[in-house]
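Some notes on the structure that comes next.
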Amino acid sequence: QSWGRQGLQAIVSALGKHFEGTLRPYVEQVAKLRDQVEAITDRIQISAEVAERVVKRVYEPKQGGLPARRMGLGQSSGLHKFFTRLSQPTIELS
């Protein structure tokens with residue numbers, strides 16, 4: 001078999017740790033880190049699913065008019081102007 005430079009370095013490093021007696025703790029630490037990464041990945045996926053459900057269930061109020069806007073058409077143009085301005089997206093206060 002042939003080995004690349006990175007593969008050879010990994011084998012030599014693993015053999016060195018084995019002969020030093022530190023391979024098992026190293027492998028256990030790597031396994032713990034892998035489990036933590038998997039747990040975080042699971043939490044991210046669950047959070048994304050919850051966020052998607054929340055976004056789909058957002059309450060959107062019904063669109064409608066402002067019946068009071070029609071008040072004062074014949075009696076007072078000031079009240080009509082006030083309710084018309086109130087029903088528009090930007091309210092100009094003067």
Side-chain angles (χ1 to χ4, degrees):
Q1 295 192 9
S2 63
W3 295 94
R5 185 173 257 168
Q6 284 183 318
L8 183 58
Q9 288 175 347
I11 292 291
V12 170
S13 176
L15 286 173
K17 290 186 185 309
H18 173 68
F19 290 124
E20 292 172 355
T22 59
L23 183 61
R24 181 173 293 277
Y26 176 77
V27 169
E28 289 171 355
Q29 181 65 23
V30 169
K32 284 180 187 178
L33 291 173
R34 184 194 67 223
D35 291 343
Q36 290 175 356
V37 167
E38 287 177 0
I40 290 170
T41 302
D42 290 343
R43 288 182 190 146
I44 290 171
Q45 182 178 0
I46 290 169
S47 298
E49 291 170 358
V50 169
E52 185 178 341
R53 279 189 253 143
V54 167
V55 168
K56 285 183 179 179
R57 293 182 183 170
V58 170
Y59 172 71
E60 292 184 26
K62 293 181 181 179
Q63 298 293 323
L66 186 61
R69 192 177 83 198
R70 292 187 212 102
M71 291 181 63
L73 286 175
Q75 301 165 357
S76 159
S77 63
L79 189 58
H80 172 69
K81 287 179 184 178
F82 171 74
F83 283 121
T84 301
R85 285 184 183 172
L86 188 65
S87 68
Q88 307 216 344
T90 56
I91 299 174
E92 294 177 15
L93 300 174
S94 49

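What you are looking at is a predicted structure, and each value in this text was computed from that prediction instead of being measured.
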| field | ILVMFWY network linking F19 to I11, side-chain heavy atoms under 4.5 angstrom | value | yes
| said: How long is the straight-line distance from NE2 of H18 back to CG of L23, given to the nearest 0.5 Å? | reply: 7.5 Å
| query | If you round to the nearest 0.5 Å, how far is CD of E20 from CG of L15? | reply | 11.0 Å
| message | Once side-chain hydrogen bond (donor to acceptor under 3.5 Å, both in side chains) is applied, do any residues pair with E52, and if so which ones, sequence neighbours excluded? | response | K56
| field | Any residue meeting salt bridge (Lys or Arg N to Asp or Glu O under 4.0 Å) with E38, in chain and number order, not counting sequence neighbours | value | R34
| query | Quick one: hydrophobic cluster around I40, which other residues, with the 4.5 Å side-chain cut-off, linked directly or via members? | reply | I44
| request: Return yes if some donor-acceptor pair links the side-chain N/O of T41 with the main-chain N/O of V37 below 3.5 Å, else return no. | output: yes
